[in-house]
Amino acid sequence: MSAATPLLRLRDITMDYAVRVLHQVSVDVKAGTIHALLGANGAGKSTLCRIISGLTQPTGGSMMFDGVEYAPRTKSEAEAAGIQIVQQELNLIPTLTVAENVMFGRTPHRLGFVNRHEQRQQARRALDRFGLKDIPVDQPVGELGIGQQQMIEIASALDRECRLLILDEPTAALSGGETERLFHWLEQLREQGTAIIYISHRLEEVVRLADEITVLCDGRHVTTKSAKDVTTDQMVDLMTNSTEATSPVREFQSHRTDRVVMKVNGMTREPVVRDVSFTVHAGERFGIAGLVGSGRTELLRLLFGADVAEQGNLQLNGEPRKFRFRHPWQAVKHGLAMVTEDRKETGLLLAQSIRMNSTLVSLKQRFQRLGWINRSGERTESEELRRRLDTRCNHIEQPVGTLSGGNQQKVAVGKWLVEEADVYLFDEPTRGIDVAARRRIHALIEELAAAGKAIVIVSSDLEELYETCDTIGVMSAGRMVGVNRRDDWSTEIIMRQSFAGYGSSTEGAA
């Protein structure tokens, strides 16, 4: 392959789910370069990288790698070609040792048995090669910090044949020292001829590392440029190249009053949430925008007591008493409800019935007496919720795991309606559901607002926030950098605030 020939060539890559998420994207990546892939949430960056690494098959387009046709059906096929990916969500197994994780999938054997001595030696060499001499290979990975786990996963990827390395937000959990160590590795790999696709919202990292940048917006290729020819402000402009969406799809009716229901004061849990303060009024829908890793979900978890804040508190219904919840049951007791981001992992018991999931939150208060559960009351309430939310099912004893994603989400939301709350926290309330279910969830949120509830909505979908919210606060690098009322916001303003915490030249944008 000549020096002028790209190592990886993508042509007209298209990907369809319920909607089209990639529209005929074409990109070239050269050997011995760091190629930054930029875009806002939902731009298609991670989907494109999953296609390159064999985790997802495209619905259209073609790829060439090292001058030959390339169409991996699995991650293993991509790895065999020399393509390694380290995703933002770690793929380590916490109960296995460091050595077992580093050597996973290529464990040395002897006479049919795992050669533990050789496994430890090879893992030790892999870690030492990248300066990780302080990490013991016999320690379970789950006992290490997130930053160390991230470094282990990257070191494991680089210990395999690697001609193209894909890194998705690799520094999100790293300390300053760990970040500098990673950058040193990447610069060495570039000198050795390895191609690197680098995804990051931290634009100062892109300026420091990248040779070329490609910008995606709404699943479309916007531009590919030499990194030295683009400032961080121009990068933000390119990433906000979509049509402004300052008007809601339908007429918006505000139910916001002057009565304060929740006041958040200096909520902090380093390094993910830093001194966040804001106020939500009765009937107000307060949206929270921000990039992946900006601290949005972590903030909701602190408010709800799923994680414990190091500093800060919240006040409810105008009372002087200040709370810092240490467990979700305390938050529920004082009138908070939370619909979590991942309904399958933290929102529902998939193997249990619709009835059980619908009444789970309020079981003790509403349906249990003297140790006995009122099944008749449970059935009546569950049927009412099913009708109210139009949950499509055969019967309420049907396991929730057999429902569609949209109907699962209706159950996840509905369980909080049995025991009325004053404050509702919604984390990505319509992720992965169809248009009809999305409309029903939005209608329910409006019903709650009309009833005077205070509502906080985290969403990566700006259209959703524009359609449903009175106010949009923006998180960036753990801080609330802007609060925008309905008449003042725009896509450009919110995007600039979203990047404000990640680069010195965009600091003043908020």
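- For the pair D275/T268, a side-chain contact is recorded, criterion being any heavy-atom separation below 4.5 Å from C-beta on.
- Contact detail for E428 and S459: the closest heavy-atom pair is OE1-CA, 3.5 Å.
- Of the possible donor and acceptor atoms, one in the side chain of Q234 sits under 3.5 Å from a partner among the backbone N and O of T231.
- Between R116 and E100 there is a salt bridge, since at least one side-chain N of the basic residue sits less than 4.0 Å from a carboxylate O of the acidic one.
- Side chain of S156 to backbone of I152: no donor-acceptor contact under 3.5 angstrom is found.
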Discussion item. Working note: S460 + R296, criterion side-chain hydrogen bond (donor to acceptor under 3.5 Å, both in side chains); need CA distance, chi angles, decisive distance, verdict.
Written reply: CA-CA 10 Å; S460 299; R296 300 168 304 166; 3.2 Å; yes
Worksheet item: How far apart are the C-alpha atoms of R110 and E118, what are their side-chain angles, what is the distance that settles it, and do they pass the salt bridge (Lys or Arg N to Asp or Glu O under 4.0 Å) test?
Response: CA-CA 10 Å; R110 187 175 182 183; E118 183 64 23; over 6 Å; no
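- Each of T214, L38, V215 was evaluated against V222; a single residue qualifies, V215, per the side-chain contact (heavy atoms from CB on, under 4.5 Å) test.
- N101 places a side-chain N or O within 3.5 Å of a backbone atom of I93 that can act as its donor or acceptor partner.
- Each of H117, R124, Q119 was evaluated against Q121; a single residue qualifies, H117, per the side-chain contact (heavy atoms from CB on, under 4.5 Å) test.
- When each of K228, K225, K30 is checked for a side chain to side chain donor-acceptor pair (under 3.5 Å) with E212, only K30 meets the rule.
- Between R11 and D28 there is a salt bridge, with a side-chain nitrogen of the basic residue lying less than 4.0 Å from a carboxylate oxygen of the acidic one.
- Residues P58 and I13 have side chains in contact (heavy-atom distance under 4.5 Å, counting atoms from C-beta outward).
- At least one side-chain heavy atom of L186 sits under 4.5 Å from a side-chain heavy atom of L189.
- Taking 4.5 Å as the limit, some side-chain heavy atom of D12 sits within range of a side-chain heavy atom of S26.
- Of the possible donor and acceptor atoms, one in the side chain of D211 sits under 3.5 Å from a partner among the backbone N and O of I34.
- Contact record, G54 with A78: N-CB, 4.2 Å, taken as the closest heavy-atom pair.
- Ring geometry, H201 versus F499: the interplanar angle exceeds 60°, so the pair is classed perpendicular (tilted spans 30 to 60°).
- Atom CD1 in I51 sits 8.5 Å away from atom CG in L10 (nearest 0.5 Å).
- Of all the heavy atoms in T97 and V137, the pair that sits closest is CB-O, 3.5 Å.
- Of all heavy-atom pairs spanning A331 and L303, the tightest one is CB-O, 4.4 Å.
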Worksheet item: Going through the checks in order, is the side-chain contact (heavy atoms from CB on, under 4.5 Å) test met by M239 and L203?
Response: CA-CA 12 Å; M239 285 186 277; L203 299 184; 4.1 Å; yes
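- When every heavy atom of Q409 is checked against every heavy atom of P429, the shortest pair comes out as NE2-O, 2.6 Å.
- In this pair, F426 and Y424 present their aromatic rings parallel. The plane angle is below 30°, not in the 30 to 60° band.
- L182 has its side chain out of reach of E205: every pair of non-hydrogen atoms, C-beta onward, lies at least 4.5 Å apart.
- Residue-environment remark: CD (E69) stays at or below the threshold of 12 foreign heavy atoms within 6.0 Å.
- Looking only at distances, a side-chain donor or acceptor of N484 sits under 3.5 Å from a matching main-chain atom of I472.
- In this structure a side-chain-to-backbone donor-acceptor pair under 3.5 Å is missing from R479 to G501.
- Remark: side-chain polar atoms of T33 are not paired, donor with acceptor, to backbone N or O of H35 under 3.5 angstrom.
- When side chains are defined from C-beta on, I154 does not count as touching F130, because their heavy atoms never get closer than 4.5 Å.
- A distance-only check finds a donor-acceptor pair linking the side chain of R269 to the backbone of V308 [under 3.5 Å].
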Worksheet entry | Residues D218, R20; criterion salt bridge (Lys or Arg N to Asp or Glu O under 4.0 Å); working and verdict | CA-CA 10 Å; D218 297 330; R20 179 156 290 184; over 6 Å; no
Discussion item. Run the side-chain contact (heavy atoms from CB on, under 4.5 Å) test on R208 and E187 for me, step by step, so that the C-alpha distance in whole Å, both residues' side-chain angles and the decisive distance to 0.1 Å come before the verdict.
Written reply: CA-CA 10 Å; R208 172 172 170 176; E187 288 161 354; 4.0 Å; yes
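- Here the closest heavy-atom approach between residue L165 and residue A157 is recorded as CD1-CB, 4.4 Å.
- For R160, the CZ atom sits in a packed shell: over 12 heavy atoms of surrounding residues, nucleotides or ligands are nearer than 6.0 Å.
- Y198 contributes no side-chain N or O that, together with a main-chain N or O of P170, makes up a donor-acceptor pair within less than 3.5 Å.
- Considering only heavy atoms from C-beta on, R301 stays 4.5 Å or farther from V272 through its side chain.
- Checking side-chain atoms of T59 against main-chain N and O of T14 turns up a donor-acceptor pair under 3.5 Å.
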